[in-house]
Structures are given as C-alpha cells and as structure tokens.
Amino acid sequence: MDVPWLLVAHGSVTALVVVSFLCGQWPIFEGTFVQSINHFLTSGAYRHFLRLVQASCGNGARDLVLGVEQYCCDRPNPILQLFYVAIIGGSYFIIVQTSFKYIPGYYVSVWHRYLSIVVVSIGAILFALTSFSDPGTVTSENVSQYVSAYPFDNIIFVEKECSTCKFIRPARAKHCRICDRCVARFDHHCGWMNNCIGEKNTRYFVAFLVWHFLLCMYGALILGFIIAGELKVKKVIYILTVYYGVDNSFSGLFPHVAQWLLAVHNTQILLALFLGIIALLLGGFCAYHVHLCLSNTTTNESFKWQDYIFWMKKENAASASAAVLKASISGASSEAQEPAPSKWKTFFSRSQTPAEEPVVKNNIYDVGWIRNLWEVIVPLSERRSFSRRKSD
C-alpha cells in the first residue's frame, strides 16, 4: 500500500502549489500560509535564486540570468509556444501508447481512436490561428478609422497621443511593450501564443480556450470509461466478493479496487487526473473571458475599471467625511447658541451621516450581449462600414 500513499502525497502537494500560485492573493487567503506560498513562488524564490547565483558564480552569472529573464518576459519569444506543443504532443503520445490498446472496450467504441485525432487537430489549428493572426495592429493608415469606430468615454479612455507610434491612440487600444505596436481593443499579451490578443483574434483565443476545455474533459471522461470498462471486463468486483469474500460495499471494496487500479492502470489514472485538473483551470479562465466578451470588456479594461472604482470610492469617502466634519462644526456652533437638549432626546437621536455616492461603471461599449458577441465574432475592422469611417 506504499504506492497509494505516495500518489496521495504527490497529488496533495501539487494541488497546494497550484492553488497557492493561482489563488494565493485572494482576500480569503490573506494572512494564511497559502498567501505566504504564493509570495514565495511569485517573487521570493526568484530573489533567493538571484542571490545564490551571485554568491556562487559572481555578478556575471547574475547578469546572464537577468538577460534570460528579459528575453523570456519582455521580448517576443516562442518558448511557451514550444512548451504547449510539447505538452499536447507528449500527452497525446502517452495516451496513444498506453491507452489505445483498450479501445475498443466495454464502454468505448473504436471510433474514438479517430475522433481523438480530429479534436487534437482542431485545437492545433485554433492555436495557430491565435498565434500567427494579426491581433488588430493600429497603423498610421487605419488609425482614423479606429478612432471613429471606438469613441472615447473620457473615463478610462481619453484622447491622447501614443508616445511611441506618434499618433492619436484610439480608445480601447494599448501599446504593447513586448510586441512594440499599438493593438486595437487590446486584451492582453499572451505568452503562450507569443502574440497580443486584440480586436481581430479574440474570437480565435476564446475558441481556443473553449475547445481545449472540452478537449481535456473529453480525454478525462474517455480514460475514466476505459478504467470502468476494464473493471467490468476483468470482473474485478465479482472476483473480490465471490472468491476472496470481500464485503460487497463501498467501504469494503474501495481499498482493494483502488490497489488493483493503481497497480494495473496507474498511467490512465494519472492522465485522467492531469486532464481533469487542467480542465478545471481552463474552465475558470474560459468562463472569465466569455463573460468579458458578453459584456464587451477586455482584460485591460477590467483592470482600468477596478482602478477607477477604487479611486472614486476613496474620493467619495473623503467627500463624505468632509461633509460630516462640516456638519459637526456647524452643529457645534449652533448648539452653543441654543439651549442644551434633554438627555433622552440626545440618547435616542441618530447622527445624520451622509451616504457615500455609489460608483457606477458606465461602459459605453456594452450594447447588449448579442451585439457584443457579434462584435467579437465579426470585428468592426472587418466590416464594410469600417473602411468608410473617418475621424472627425
């Protein structure tokens, strides 16, 4: 029974690291060891590594590490693209080598052999479309059309010149420091795609996320059906209960069935768990971006709105505090001229504290979820009316 405990420990540590890395900054984990692990993974470990390199190999080695960091994080490079290809190709190769021999099976028909090739190929096509398509580069030739297509809301987007491109930067656009270009309806720069996600390729990016979520769910389910089919074909439960006298209950069968599965089908179990975890992560990321598309908001704009609402709340709180202070001063001066109220009236009276003004997110680009989604599927720059637009 050493193998199950080893797998449980490995899975627990992996889950803790993944949750800490992705969710360690959430308010619910503030002050906990999860936040400490997140801080160590995101910044502390790298700083300690730099100090170790400098102490053991000198400043030259430290500068070399910083140069590699700059290349990986601040310049276009295909490292994560190659990593994606390695993950997809390696996982599919392992599944073919270890699990295709069980297809066809009791619950899995033979056509899943060929369907798997189709779904993986579609995923690769969406990856290529997202990686190598134009995200919506703003140039001096089309800037006037983009300025006319996306009006300034004068809240999070005001008319100003791009200091690098030397033209008026359209609303919703941003100059990507990695790609060194202005991108219309800028969402974010995706290292996995080695490309910006913008007006023209958001549709491919969201389709990529949705398809890979379904792909991982499909793979995990098929592997689960393969394992269930092997239990049925090998008559494991029948043998345990009839020939070994094991109690025909969940608590009685589970340890023995788990031991048999981990000894015979440990590869399928690990692959199913891996695909299931990736599906959960992709599902959350996918739901977030679908929500952004339906509300006609980008990742870049969501951060801008968060900053705007935060500062407006602070400003409203300061205004409310000033009003209370002014009211208390005027009240104190009037009380000095009037007779003191009775103790009972003072006890039961409530202070009239002015309420803070609510901060409203006025997204002028939200035109209803149907039109918002259509704008993602058919970008404004690909419509006939775009070429006829001129800036005022």
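Since the model is a prediction, treat every value here as computed from it, not as a measurement.
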Close aromatic pair by centroid cut-off 6.0 Å: W111 and Y114: no
H289 ring center within less than 6.0 Å of F208 ring center: no
Whether Y150 and Y146 hold their rings parallel, tilted or perpendicular, with breakpoints at 30° and 60°: parallel
Ring centers of F303, H188 separated by less than 6.0 Å: no
Y204 vs I197 side-chain heavy atoms within contact, under 4.5 Å: no
H265 ring center within less than 6.0 Å of Y102 ring center: yes
Under 3.5 Å donor-acceptor, N38 side chain and F40 backbone: no
Parallel, tilted or perpendicular: rings of Y107 and F225 (30°, 60°): tilted
pair Y218-H112: side-chain heavy atoms closer than 4.5 Å: yes
Distance-only side-chain donor-acceptor flag, D180 / H175, under 3.5 Å: yes
Test item: Q70 side-chain N/O and G67 main-chain N/O as donor-acceptor pair under 3.5 Å: no
Under-4.0 Å salt bridge between E382 and R203: yes
Validation row: S133, K200 side chains within 4.5 angstrom (heavy atoms): no
Any R172 side-chain heavy atom under 4.5 Å of N296 side chain: yes
